[in-house]
Amino acid sequence: SRRLNMHTQSTCSFFFLYDGSKVRGEGDPTREGICYFYPEETPLDRQELLCGQLAGVGRCVSELSVSPVRVLRLRRDKFAIRMKDDLFWALGTSVEVPTVSVCALLDQLINLFRFYNGSVRRSYQIHSRETLAARWAQYLSHLQSGSSELHHIFSCLRTIDSTNVDPLLLLKAALILQACQRCPLVLAGCVLFRGRVVSTQMSPELTMKAMVHESETYVKVGTTPITSHATPLKDTPPRKTRLSRTLSDVPSTESDPPDPGSPQPPQNLSFGPVPSQGAAESLSCPDQSPSSNGEHGAEGEESRYFSFQTAIEEDVHQSGDRGDTACAEASQSQDRKVSGESGGGGPPPGSSSGAEEAPLVPMTLYLHRVKSLVLVLLVEQHFLSDSASMEEVYHSSLASLNGLEAHLRTVSPAAPGAPGPYSFAHFDCVQSTLTANVSAAPGGAPERPFVRAVALLHSHFSDSASLQEAIIRSAGAAVYGTRSVAQETFFQQHGGSLRNSGIPNQQDSCFSLPSKARHRLLKHGVNLL
Amino acid sequence: TRANSGRARSITPAVTMTAKTSLLKVILLGDGGVGKSSLMNRYVTNKFDTHLFHTIGVEFLNKELEVDAHQVTLQIWDTAGQERFRSLRTPFYRGSDCCLLTFSVDDNQSFLNLGNWKKEFIYYADVKEPEKFPFVVLGNKLDVTERQVTSEEAQQWCQENGGHPYYETSAKDATNVAVAFEEAVRRVLASDERTDHLIPTDTVKLHRKPRSATTCCS
């Protein structure tokens with residue numbers, strides 16, 4: 001498998017899902033087990049080769065070592081591996097990508113699929129491989145789209161460049177979300193601009209999931225080409241994430257114990273719709289829903305109202321395995337909703353057949369777009385059939401969204417400018433956000449060494465929990481890294497002659513890096529003291 | 001099309017009797033708390049919300065209406081009245097067709113500040129002929145019982161500052177709100193007709209702005 005090295009710009013060079021249960025007998029062709037393979041144009045015999053070999057190796061090593069294989073490393077490629085019963089996922093990248101980042105990407109991908117489709121096995125019982133292939137492709141593209149290599153290394157959320165935006169506008173976005181929450185059916189939300197987070201009330205994991213459809217429509221509009229670098233989120237077990245970080249009184253659908261009458265997680269999201277004022281661009285949403293379309297169209301002045309609904313599942317609680325029945329329910333509800341019927345709520349709670357399956361929680365995701373600005377709200381499912389609530393939310397947010405869009409549109413992007421006297425990157429592990437003064441765009445030459453050093457340090461930090469500070473150096477450069485439970489920060493001083501004495505001594509300039517970093521980064525709001 | 005919402009009106013041929021609606025931008029200015037957002041919301045959505053946040057920067061809503069057989073889309077821009085929001089709001093003054101100077105009848109200071117608001121608008125909107133620009137003055141919160149500004153004082157200020165029309169409104173109980181906005185539209189249409197009447201006689205349009213040139217505002 002020396003030919004694996006497909007150096008596309010994409011982080012992910014291979015991804016596949018292989019179902020071993022389809023290939024039991026000697027005569028069963030391997031292709032029967034290949035549920036999805038990326039890149040899709042890979043010749044089938046090569047797909048079979050890779051799937052067969054990796055799945056075989058994975059099973060063999062797992063059995064020998066009595067512990068699941070997480071990573072397979074070849075000379076030039078590495079594969080993050082996940083196994084669940086007979087299902088086998090592998091995601092391959094070049095060895096330069098930190099292992100922790102590859103694993104995070106794969107976990108995110110699987111979680112994203114499970115979030116919207118429920119159990120993987122059940123999905124394949126219900127839907128055709130073609131249908132699900134489109135979804136894998138969509139999620140993979142979403143996770144890899146539109147951000148820098150640094151984002152990919154940390155698997156962080158894509159946010160707007162807040163250094164360039166008046167903080168009052170961030171406050172404005174937060175207030176829009178708060179105003180929406182005056183409607184009790186609204187659980188939490190986020191505001192996105194050009195596919196990036198302006199403000200969110202949700203956990204980074206949930207925000208990332210909610211962004212899938214937005215980034216898709218945004219990319220469709222053609223403003224951001226899908227480029228290659230992945231931005232998976234930090235993959236944490238979604239079990240106990242808090243839904244709201246700004247409001248204490250918001251019930252967290254993820255972490256709260258289930259209400260007596262309400263079903264538990266895997267959640268069923270249905271998608272709402274987009275009234276858009278002044279924004280003439282039409283969302284190409286798949287299913288126009290007659291039911292919710294009318295209400296706002298009538299009252300929305302000249303605003304247009306697009307609406308579609310689709311049912312998606314969330315599998316937040318389960319760390320990975322169950323939810324087969326959840327999925328069956330999902331498909332029922334999907335059929336029902338697409339046909340335009342919106343009463344009644346989701347699948348009956350507790351109707352799942354598998355005893356150990358948690359039933360689905362029906363949920364709806366409501367999207368309201370004003371040009372490049374999108375309000376995404378996680379709402380109770382009957383929100384869409386409650387026209388009074390919808391109007392309330394619509395009217396309480398419309399003017400502010402219009403204004404915020406006008407403001408953000410006039411913010412000029414930061415001038416690339418000359419490289420400053422230093423490079424830094426600061427990763428906030430709690431919010432899963434990145435602050436940096438390097439663009440690290442694909443192919444960004446001058447910053448390459450810094451980005452590679454960051455990748456290396458990040459790998460070391462994730463490998464050894466007790467490591468807190470490190471300096472790595474080459475003949476010409478030194479990069480300092482420091483981390484705590486809440487953050488990782490990396491710093492490189494440019495210019496000046498690097499006094500590298502070979503053996504450490506007091507004159508060695510790299511020993512002044514920590515204090516320089518502390519000093520310089522204060523003005524970026526990074527406090528290392 | 002994602003045409004910039006700024007000045008669509010100027011693209012519409014002025015003399016032709018097209019059924020096309022023109023977009024009029026009116027802007028509400030005045031001290032914080034006089035009820036600018038409430039006036040906009042009352043007029044566009046016919047709702048009154050006692051728990052509005054302070055406006056940050058600017059916001060706007062569109063409303064379509066017909067005034068004297070003209071179809072217009074009124075784009076109402078609501079602004080933050082507090083001084084600390086000045087740098088956020090002033091860039092959006094440009095392109096306004098009418099300015100609604102707003103004060104609250106129970107707040108004398110907001111009345112005294114009208115002149116400053118007018119000056120700020122003329123400066124940042126870069127109004128070439130301020131004496132011809134349509135302003136409308138609104139005294140809001142007519143519903144409150146303890147007035148600090150009398151009708152006469154307000155009328156007098158309007159007279160002395162360019163003969164602006166004056167309306168006493170209440171966003172809370174909807175008094176005079178629609179009337180005031182419609183008056184703003186009439187003022188704009190009237191001033192347009194004057195200029196339309198003048199321009200064609202001594203100018204030649206050399207080129208028309210291509211409509212579809214901008215596909216994206218980014």
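Each chain gets a letter, A, B and so on, in the order its sequence line appears, and its residues count up from 1. Note that the coordinates shown come from a computational prediction; the quantities given were computed from them, not determined experimentally.
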Practice task
Work out which heavy atom in B:G57 is nearest to a heavy atom in A:H407; give both atom names and the distance.
Solution key: CA-NE2, 3.4 Å
Problem - Greater than 12 external heavy atoms within 6.0 Å of A:H524's NE2 - result: yes
Exercise for the section: Might you confirm whether atom OH of B:Y123 has over 12 heavy atoms from other residues, nucleotides or ligands at distances under 6.0 Å? Expected result: no
Exercise for the section: Measure the CZ-OG distance between B:F60 and A:S400 for me, rounded to the nearest 0.5 Å. Expected result: 11.0 Å
Exercise for the section: Drop me the distance from B:N62's CG to A:N402's CG, to the nearest 0.5 angstrom. Expected result: 6.5 Å
Problem - Region of B:D49 that comes under 4.5 Å of a non-hydrogen atom in chain A - result: side chain
Exercise for the section: Select one option (side chain, backbone, both, neither) describing which atoms of B:L88 are under 4.5 Å from chain A's heavy atoms. Expected result: both
Practice task
Give, as side chain, backbone, both or neither, the part of A:T410 having an atom under 4.5 angstrom from any heavy atom of chain B.
Solution key: side chain
Handout entry: Within-4.5 Å side-chain heavy-atom neighbours: A:R182 and B:H51
Key = yes
Side-chain donor-acceptor distances from residues 169-176 of chain A under 3.5 Å, at least two apart:
{"unit_1": "A:K172", "atom_1": "NZ", "unit_2": "B:I56", "atom_2": "O", "d": "2.7"}
{"unit_1": "A:K172", "atom_1": "NZ", "unit_2": "B:V58", "atom_2": "O", "d": "3.4"}
{"unit_1": "A:K172", "atom_1": "NZ", "unit_2": "B:E59", "atom_2": "OE2", "d": "2.6"}

